[in-house]
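Each remark here refers to the structure printed beneath this line.
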Amino acid sequence: MTKFVKILLVTVLSIIIVIISLFCAYLIITKDAVLNHTKLNKPEQSVIIIDDDGNEIASTSSSGKKSVKIENLDDTCKNAFIASEDRKFYSHNGLNYGRMIKAFFKNIAAGSFKEGASTISQQLIKNTHLSQDKTIKRKLKEIRLTKQLERAYSKDEILEMYLNTIFFGHNCYGLQSAAEFYFDKKAEDLSLTESATLVGLLTSPNNYSPFKNPEKSLQKRNTVLKSMLDCNFIDKATYDNAINEPLNAQKSDIQGRNADYIDAVFDELERLDIGAYDLANGYKIKTFMTSALQSKIEALNFETDNAIIVTTKKGGVCAYKTTINGAKRQPGSTVKPTLIYAPAIEEKLINPSTRILDEKIDFNGYSPENFDKKYHGYVSVAESIKYSYNVPAVKTLNSLTIKNAEKYLTKMNLALDDEEKNLSLALGGMKYGLTIQNIADCYSIFQNGGIYSPSRFIDEITDASGKQVYKSEKSKSRVFSNGTCSLINETLIDVSKSGTAKKLASLDYDVAAKTGTCGTEEGNTDAYAVGYTSEHCVAVWLGDKDNKKLSITGGNDSCEYLKEVLKYLYAEQKPSNLDITSGTSIVEIDAEEYYTNNRIILKDDFSPKLNNLQIKVLSDCKPTEKCTRFTQPSIKAPTITVAKNSINISLCQTKYYSYLVKRYKNNDFKVIYDGNWKKTITDTPDDGTYTYTVTPYYLYGQNKIFGKEITLPNVIVNSSSSAPQIKIPDIADKEWYNL
């Protein structure tokens, strides 16, 4: 036997041993993998959802009790699923080995299980028999069960079971439930584009919901249609017509109590490790919902589309209602405190007293206007927030920079699209916008002393035996300092007392509030009112899901609903006051410098009380420059004129100063005036040459604090001459360049 033959034989035997070992390992690992026929339709699966008091919430079933028959479905509907999920469904034996090998190498390259290569048969097994964990052990069991499935059922039976168990988001299990929820029709009546829309939901129902993210949903739908074209399930003309059709999603009006809250619970489930398919029969989901409050907001009489969320300081969502299913909307002026002014305060660029010129301005073609089409001159940051002026907000963002603003957005778990990175962001100009939950979470940061913690619907999940399988943990990250939050709290409290949210002024406890309105002169599309106390945050949105123009405003309509919810919350006990002091200091500044020159500098040690102004600033950002107007009185040089033998000295007008005026002749002087400011000091000396000096001083108690003595030009008095005479220096005695 040659050496080559020996090596070949050893190699072949080694391969055979490896294969036998792997097969044995496969048999051992999958020995308990037995197909359970009753699980394939999940006929009795029911998940109990309870409120914060442990009471069962209505409409708790998460199972797809409504089923479809495969023979009743249109071919385009079935083909949409096959084209997108498993093109060789009718030709393979449950496993697509080509896709599995391709996915294997991709996973090796990625270092993780990114590619699953699951067929429809495998997906049915995974969703009904196994967990959603991405492990080799689970995959091997899936393969064995899939083979059992393929031997026991026909392809049509498998497809039918798959369609009756697949999860489409919004608590919809099965195609029939999804058809009713998204299009308010039976599954057999679904059109080509409607079927493609539902198929597009499968990879991520939350991200591709036509109600929440219509643009993404449309793109995904058209991707499914392209797959159908590639598979020759539709022709080019049909494809071209279909991709130009609108989404046409229409949520069914038949909804039970707490339906919006339950939808949100299942959306949150999708983002957790425990997904919708992992919920076995008898699982309990405990929520943060307060049933009485939920009933209250559901009973509010709305004339428009609407959304309301109420969160607690600990981050639990105790009530939630929406007619737009959590869709993102343009946030308008609600972003000013959270995304612009608070970051600028944190960066020590401004404080609430900083004065900004509200003026017509152009930023390379972008010229923001105020809602009242007026400009208000110099206004403080606090006034800009209080009355929701636009120009100061844009100027502040320009100074802060988009890069710095984005840094804080990231801390709030928000991201900017490239198209949003411009100054219109200061007024809520966003491509996709924010959800009402996003907005509430941003404002809750101020309530929590600068800590961001996303609100949650689910508190805990337990299995049928009562064992806890999930517990909500409050993730925390610091966004702002305590001082920044104190300053914003105080500013927004003022908004609710006499600003754009003054409808809340009658409430006799601290409410920090902000309103926002998006629209044009033709009408408005979005109206917001956000208010928070030391215990709750309430956010209200009104508008039209199709962006029709309405006569609504945040300060009027939305604020009215906000007030009603707050009155209900605190009907029996008022909340404690919001923190407006931590991390801040009160400093006294010079009022004249502030109002005349728009400068914030500390008051002079000898400053009179009437000239002192108290402002609040960050404790580590106190002004350092001090006024010296009273310790070192200073004035502009007065003017002096001569008319015959009458000399007139015109004093510049200043507050608080007195004046000492002296007349010099040779080495002698005489005080001709000592007292408060006068417009003109007149003197009528004899003929001769005189020098006058003016010294400002400030009376501090019984003491006179003198400033620098100012010497005026020499004057000549000649009663025989009618022309004014002021002695001009004789340049004959000096070098001209020394004048």
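Remember, predicted model here, so these are calculated numbers, not experimental data.
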Discussion item. One pair to check against side-chain hydrogen bond (donor to acceptor under 3.5 Å, both in side chains): Glu298 and Tyr261. What are the steps and the verdict?
Written reply: CA-CA 11 Å; Glu298 288 185 4; Tyr261 198 101; over 6 Å; no
Worksheet item: Donor-acceptor pair, Glu535 side chain versus Pro575 backbone, under 3.5 Å?
Response: no
Fill in: Donor on one side chain, acceptor on other, Lys563 and Ser506, under 3.5 Å
yes
Discussion item. Between Asn489 and Cys485 (side chain of the first, backbone of the second, donor and acceptor by atom type, cut-off under 3.5 Å), is there such a pair?
Written reply: yes
Discussion item. Counting only heavy atoms from other residues, nucleotides and ligands, does the tally under 6.0 Å from CG of Asn364 exceed 12?
Written reply: no
Item to complete: Please indicate whether Lys474 has more than 12 foreign heavy atoms, meaning atoms of other residues, nucleotides or ligands, lying under 6.0 Å from its NZ.
Response: yes
Worksheet item: Strictly by modelled atom types, are Ser388 and Thr500 linked by a side-chain donor-acceptor pair under 3.5 Å?
Response: no
Fill in: Beyond-backbone contact of Glu383 with His376, side-chain heavy atoms, under 4.5 angstrom
no
Discussion item. If we count only N and O atoms by modelled type, under 3.5 Å, do the side chains of Thr517 and Thr553 hold a donor and an acceptor together?
Written reply: no
Worksheet item: Between Phe480 and Phe446, what is the ring plane arrangement, given parallel below 30°, perpendicular above 60°, and tilted in between?
Response: parallel
Worksheet item: Is a side-chain N or O of Asp510 found less than 3.5 angstrom from the main chain of Leu578, in a donor-acceptor match?
Response: yes
Discussion item. If we count only N and O atoms by modelled type, under 3.5 Å, do the side chains of Asn438 and Thr435 hold a donor and an acceptor together?
Written reply: yes
Worksheet entry | CA sep, side-chain torsions, deciding dist, call: Tyr594, Ser353, side-chain hydrogen bond (donor to acceptor under 3.5 Å, both in side chains) | CA-CA 9 Å; Tyr594 180 71; Ser353 298; 4.6 Å; no
Fill in: Check: Ser619/Ser585 side-chain N/O donor and acceptor closer than 3.5 Å
yes
Item to complete: Return yes when atom NZ of Lys567 has more than 12 non-hydrogen atoms of other residues, nucleotides or ligands closer than 6.0 Å, and no otherwise.
Response: no
Discussion item. Once side chain to side chain donor-acceptor pair (under 3.5 Å) is applied, do any residues pair with Thr410, and if so which ones, sequence neighbours excluded?
Written reply: none
Practice prompt. Say whether Asp260 and Thr322, considering side chains only, have a donor N or O and an acceptor N or O under 3.5 Å apart.
Written response: no
Discussion item. Using a 3.5 Å distance criterion without hydrogens, assess whether the side chain of Asp53 forms a donor-acceptor pair with backbone atoms of Asn55.
Written reply: no
Worksheet item: Counting distance only, does the side-chain N/O of Asn390 pair as donor-acceptor with the main-chain N or O of Glu369 below 3.5 Å?
Response: yes
Worksheet item: Do side-chain atoms of Thr334 reach the backbone of Gly516 as a donor and acceptor pair under 3.5 angstrom?
Response: no
Worksheet item: Where does the angle between the aromatic ring planes of Tyr443 and Tyr532 fall among parallel (under 30°), tilted (30 to 60°) and perpendicular (over 60°)?
Response: tilted
Worksheet item: Are the side chain of Ser453 and the backbone N or O of Ser475 linked by a donor-acceptor pair below 3.5 Å?
Response: yes
Discussion item. Would you say that more than 12 heavy atoms from the other residues, nucleotides or ligands in this model lie under 6.0 Å from the NZ of Lys407, or not?
Written reply: yes
Worksheet entry | Criterion side-chain hydrogen bond (donor to acceptor under 3.5 Å, both in side chains) against Ser455, the qualifying member of Thr312, Asp441, Thr311 | Asp441
Practice prompt. State, without any angle test, whether Ser498 and Lys386 hold a side-chain donor-acceptor pair at a distance under 3.5 Å.
Written response: yes
Worksheet item: Can you find a side-chain donor-acceptor pair between Lys616 and Asn351 that sits under 3.5 Å?
Response: no
Worksheet entry | Neighbour count above 12 (heavy atom, 6.0 Å) for Lys622 NZ | no
Worksheet item: Can you tell me if NZ on Lys395 sees more than 12 non-hydrogen neighbours from other groups inside 6.0 Å?
Response: yes
Item to complete: State whether the number of non-hydrogen atoms from other residues, nucleotides or ligands found under 6.0 Å of Lys314 atom NZ is greater than 12.
Response: no
Discussion item. Between Asn370 and Asp372 (side chain of the first, backbone of the second, donor and acceptor by atom type, cut-off under 3.5 Å), is there such a pair?
Written reply: no
Discussion item. Looking at Asp526 and Arg329, is any side-chain nitrogen of the basic one under 4.0 Å from a carboxylate oxygen of the acidic one?
Written reply: yes
Worksheet item: Under 30°, 30 to 60°, or over 60°: which ring-plane class applies to Phe211 and Phe181, parallel, tilted or perpendicular?
Response: perpendicular
Worksheet item: With distance as the sole criterion, is a donor-acceptor pair present between the side chains of Asn207 and Lys216 under 3.5 Å?
Response: no
Fill in: NZ/NE/NH1/NH2 to OD/OE distance under 4.0 Å, Glu346 and Lys411
no
Worksheet item: Do other residues, nucleotides or ligands put more than 12 heavy atoms under 6.0 Å from Lys348 NZ?
Response: yes
Worksheet item: Ion pair present between Asp418 and Lys421, side-chain N to carboxylate O less than 4.0 angstrom?
Response: yes
Item to complete: Could you tell me whether Asp459 and Lys471 have a side-chain N and a carboxylate O separated by less than 4.0 Å?
Response: yes
Worksheet item: Is a donor on one side and an acceptor on the other found under 3.5 Å between the side chain of Ser496 and the backbone of Val511?
Response: yes
